[in-house]
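Worksheet: one structure, shown below.
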Amino acid sequence: MHDGDVNERRPPPERPEAEPETRRAASRRQRREAGADSAQVARELMKLPASSLAKLNLDEDLRDAVERARAVTSMIARRRAERTVAAALRRVDLAALAARIANVRATGLGDPQRLHAAERWRERLIDQADGLAAFHAAYPRADHAGLAQQVADARRERSGGKPPGAARALFRRISAVLEDAATAAEVAAREAEDAEPADGT
């Protein structure tokens, strides 16, 4: 047997496997991804109107950073301010905050739980005979003028298979009532805390 025949039968040399990502490289990649996410959320915060921003329940430091950034008009300075907001967002749950921003844009509600509560109330008002009385009892201080007509319009709309314009208007009405009630509850809670003696007695 010739040496050439032996060489021809030898399997080709195996290629070395790609080296696994080092911890340092993985850490750099994660920081880049987190930075990109933070920058995106920072831009969204800076574009929100003040009325929507107030519904996000941001902590004081982050809210101050966003408000300072929003006040900047120079393009170059605004980019620096955006980076400052993005840095402040590194300690925030970005996914949860992004969900709240989406809810505020879609419904005017910052709290997903209130969003679901508004949906449940709308369905009860439209589908159940006791819906109006239950809503009045739950929110006695709300302005209920014209609510019965809105509910009737939404019922006719649904039974006629029409586009849900009246149902959407009813949802916005309910959302406003829930938002006002939540704000009033927060104010009452703060006032109660302020009224307590400093030593707790």
Side-chain angles (χ1 to χ4, degrees), residues 21-122 138-139 141-143 168-200:
E21 186 178 31
T22 65
R23 289 184 180 179
R24 183 176 298 178
S27 178
R28 284 198 301 268
R29 177 177 54 78
Q30 291 172 355
R31 285 198 300 271
R32 284 196 302 270
E33 292 173 352
D37 292 342
S38 298
Q40 177 62 32
V41 174
R43 284 191 291 271
E44 292 182 10
L45 287 172
M46 291 171 67
K47 291 176 183 177
L48 283 176
S51 59
S52 297
L53 193 65
K55 297 176 182 178
L56 293 175
N57 298 323
L58 304 178
D59 68 53
E60 187 174 350
D61 292 340
L62 178 56
R63 186 178 65 249
D64 290 344
V66 174
E67 289 176 351
R68 285 196 300 270
R70 286 157 57 86
V72 175
T73 56
S74 166
M75 182 62 67
I76 296 176
R78 192 172 176 84
R79 287 175 181 169
R80 287 199 299 268
E82 181 184 300
R83 287 196 292 270
T84 300
V85 174
L89 286 168
R90 302 287 175 84
R91 54 186 172 78
V92 174
D93 185 339
L94 290 179
L97 178 54
R100 295 206 303 274
I101 292 172
N103 284 331
V104 165
R105 284 180 168 167
T107 68
L109 286 171
D111 187 344
Q113 292 182 349
R114 286 205 291 275
L115 168 66
H116 297 317
E119 290 174 342
R120 289 193 298 271
W121 271 118
R122 179 176 62 179
Y139 303 98
R141 297 184 179 181
D143 179 8
R168 288 172 182 164
L170 178 60
F171 180 83
R172 289 192 295 270
R173 173 77 175 269
I174 297 167
S175 298
V177 171
L178 268 59
E179 188 74 20
D180 290 344
T183 301
E186 290 172 2
V187 170
R190 285 197 297 268
E191 290 176 347
E193 289 178 1
D194 293 342
E196 291 180 358
D199 59 1

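Worth knowing before you read on, the calculation uses all heavy atoms, side chains too, and leaves out hydrogens, waters and symmetry mates.
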How many angstroms lie between [atom1] in [X] and [atom2] in [Y], if you round to the nearest 0.5 Å?
X: Leu97; Y: Leu62; atom1: CG; atom2: CG; result: 7.0 Å
X: Trp121; Y: Leu170; atom1: CH2; atom2: CG; result: 11.5 Å
X: Ser175; Y: Arg122; atom1: OG; atom2: CZ; result: 8.5 Å

Only one of Asp37, Leu45, Thr84 forms a side-chain contact (heavy atoms from CB on, under 4.5 Å) with Leu89, so which one is it? Leu45
Would you mind telling me which of Leu94, Val92, Val85 makes a side-chain contact (heavy atoms from CB on, under 4.5 Å) with Ser38? Leu94
Which heavy atom in Ala118 sits nearest to a heavy atom in Ile174, and how many Å separate them?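 Residues Ala118 and Ile174, closest heavy atoms: CA-CG2, 3.9 Å.
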Side chains of Asp93 and Arg100 in contact at under 4.5 Å (non-hydrogen atoms): no
Applying side-chain contact (heavy atoms from CB on, under 4.5 Å), name anything that partners [X], two or more places apart in sequence or on another chain.
X: Ala142; answer: Tyr139, His144, Val177
X: Arg173; answer: Leu147, Gln150
X: Asp143; answer: Ala145

Could you tell me which residues satisfy salt bridge (Lys or Arg N to Asp or Glu O under 4.0 Å) with Arg91, sequence neighbours excluded, listed by chain and number? Asp59
Pairs touching residues 65-81 that satisfy salt bridge (Lys or Arg N to Asp or Glu O under 4.0 Å), sequence neighbours left out: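 The answer is none; no pair qualifies.
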Check side-chain hydrogen bond (donor to acceptor under 3.5 Å, both in side chains) between Glu44 and all other residues, then give those that pass, not counting sequence neighbours. Gln40
